[in-house]
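Here's the structure we're looking at; comments come further down.
Quick note: numbers below take in every heavy atom, side chains included, and nothing from hydrogens, waters or symmetry partners.
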Amino acid sequence: MTFYKECIGGELSLQTIEGSPIEAECAEAMKDKILHSSLSKNGLLVMATDCGIPGGVVRGNNIALSVNCSSEEEINTFYNKLSADGVIIDPLKTQFWGAIFGVITDKFGIRWMFNYDKNQK
């Protein structure tokens, strides 16, 4: 992410697993890994994590499309339609950062992350 910041500019935010609400659930070797990072500039938002997915990272599942939704209705609609005939990785639920979040792989093998910040204005 620091490379992308050097290329694109913008504001970079990094959160390690250590000190996060899920720290106790992770192996000691993961504590210094990045749980969540975001790089934002003029409406562009690039997000990344060091956390893998079940089964490990292989070519093709190393990226995910992230959709920030504007309502609970929208996140439920997108999540339900795109998960049809796909695989649910993380069911929609309220996460420690206060948003409803879920992850699926669609029927074409594309991983999607959905987020709805219930506190957004």
Side-chain angles (χ1 to χ4, degrees):
M1 289 299 283
T2 55
F3 170 75
Y4 297 121
K5 181 178 184 205
E6 291 171 8
C7 294
I8 298 168
E11 183 174 329
L12 178 60
S13 172
L14 302 170
Q15 178 184 13
T16 59
I17 290 173
E18 184 173 30
S20 77
I22 68 163
E23 177 180 3
E25 301 170 32
C26 297
E28 186 64 33
M30 292 292 295
K31 303 294 183 189
D32 65 336
K33 302 296 183 192
I34 301 298
L35 173 63
H36 176 78
S37 64
S38 62
L39 175 63
S40 59
K41 179 180 181 184
N42 300 330
L44 172 70
L45 178 61
V46 178
M47 297 169 51
T49 183
D50 285 338
C51 297
I53 63 170
V57 176
V58 295
R59 187 179 191 119
N61 75 0
N62 58 340
I63 66 163
L65 300 175
S66 179
V67 179
N68 285 314
C69 299
S70 59
S71 69
E72 283 193 54
E73 179 181 3
E74 184 175 65
I75 195 171
N76 282 303
T77 298
F78 290 165
Y79 185 89
N80 291 329
K81 287 183 176 183
L82 285 163
S83 65
D85 298 322
V87 177
I88 293 174
I89 296 171
D90 190 6
L92 284 179
K93 61 184 172 282
T94 301
Q95 298 287 347
F96 67 85
W97 60 89
I100 297 172
F101 180 81
V103 182
I104 62 106
T105 299
D106 71 19
K107 65 183 179 180
F108 300 108
I110 304 299
R111 193 163 35 119
W112 294 81
M113 300 184 303
F114 300 96
N115 192 77
Y116 167 60
D117 181 357
K118 298 183 290 185
N119 298 312
Q120 68 184 348
K121 303 290 183 217

What residue pairs, at least two apart or across chains, pass salt bridge (charged side-chain N to carboxylate O under 4.0 Å, His left out) with a residue in residues 9-31? none
Are more than 12 heavy atoms from other residues, nucleotides or ligands located less than 6.0 Å from atom CZ of Phe108? no
How close do Asp106 and Leu82 get, heavy atom to heavy atom, and via which atoms? CB-O, 3.4 Å
Just verifying a value: how many Å separate Ser20 OG and Met30 CE, rounded to the nearest 0.5 Å? 10.0 Å
Distance-minimising heavy-atom pair for Ile17 and Cys26: CG2-SG, 3.7 Å
For Ser66, give me all partners under side-chain contact (heavy atoms from CB on, under 4.5 Å), at least two apart in sequence or on another chain. Met47, Met113
Any donor-acceptor pair under 3.5 Å from Ser71 side chain to Glu74 backbone: yes
Test side-chain contact (heavy atoms from CB on, under 4.5 Å) applied to Ile34 - qualifying residues, sequence neighbours left out: Leu14, Thr16, Ser37, Asp50
Quick one: salt bridge (charged side-chain N to carboxylate O under 4.0 Å, His left out) pairs with a partner in residues 79-105, sequence neighbours left out? Asp90-Lys93
The criterion is side chain to side chain donor-acceptor pair (under 3.5 Å); which residues satisfy it with Thr94, sequence neighbours excluded? Lys118
Return the set of residues passing side chain to side chain donor-acceptor pair (under 3.5 Å) with Lys5 (not counting sequence neighbours), or none when no residue passes. none
Return the CG to CD distance between Asp117 and Gln95, rounded to the nearest 0.5 Å. 12.5 Å
Non-hydrogen side-chain atoms of Glu72 and Tyr116 separated by less than 4.5 Å: yes
Would you mind reporting whether Phe101 and Leu92 have side-chain heavy atoms less than 4.5 Å apart? no
Restricting to side-chain contact (heavy atoms from CB on, under 4.5 Å), what partner residues turn up for Glu6, sequence neighbours left out? none
Is any side-chain heavy atom of Tyr79 closer than 4.5 Å to one of Cys69? no
Is the shortest side-chain heavy-atom distance between Val67 and Trp112 below 4.5 Å? yes
Which residues satisfy the side chain to side chain donor-acceptor pair (under 3.5 Å) test with Asn80, sequence neighbours excluded? none
Tell me, with the steps shown, if Phe114 and Ile104 meet side chain to side chain contact (heavy atoms under 4.5 Å, CB included). CA-CA 9 Å; Phe114 300 96; Ile104 62 106; 3.7 Å; yes
Side-chain polar contacts of residues 38-45 - donor-acceptor pairs under 3.5 angstrom, sequence neighbours left out - could you list them?
residue, atom, partner, partner atom, Å
Lys41, NZ, Ile8, O, 3.0

If the condition is side chain to side chain donor-acceptor pair (under 3.5 Å), which residues does Thr2 pass it with, not counting sequence neighbours? none
Any residue meeting ring-ring contact (aromatic ring centres under 6.0 Å, His included) with Phe78, in chain and number order, not counting sequence neighbours: none
Non-hydrogen side-chain atoms of Thr105 and Ile89 separated by less than 4.5 Å: yes
Please assess Trp97 against Asn115 for the test side chain to side chain donor-acceptor pair (under 3.5 Å), listing each intermediate value before the final yes or no. CA-CA 11 Å; Trp97 60 89; Asn115 192 77; 3.1 Å; yes
Same cluster or not: Ile88 versus Leu65, using hydrophobic residues (I, L, V, M, F, W, Y) connected whenever any side-chain heavy atoms lie under 4.5 Å apart? yes
Is the shortest side-chain heavy-atom distance between Ile22 and Leu35 below 4.5 Å? yes
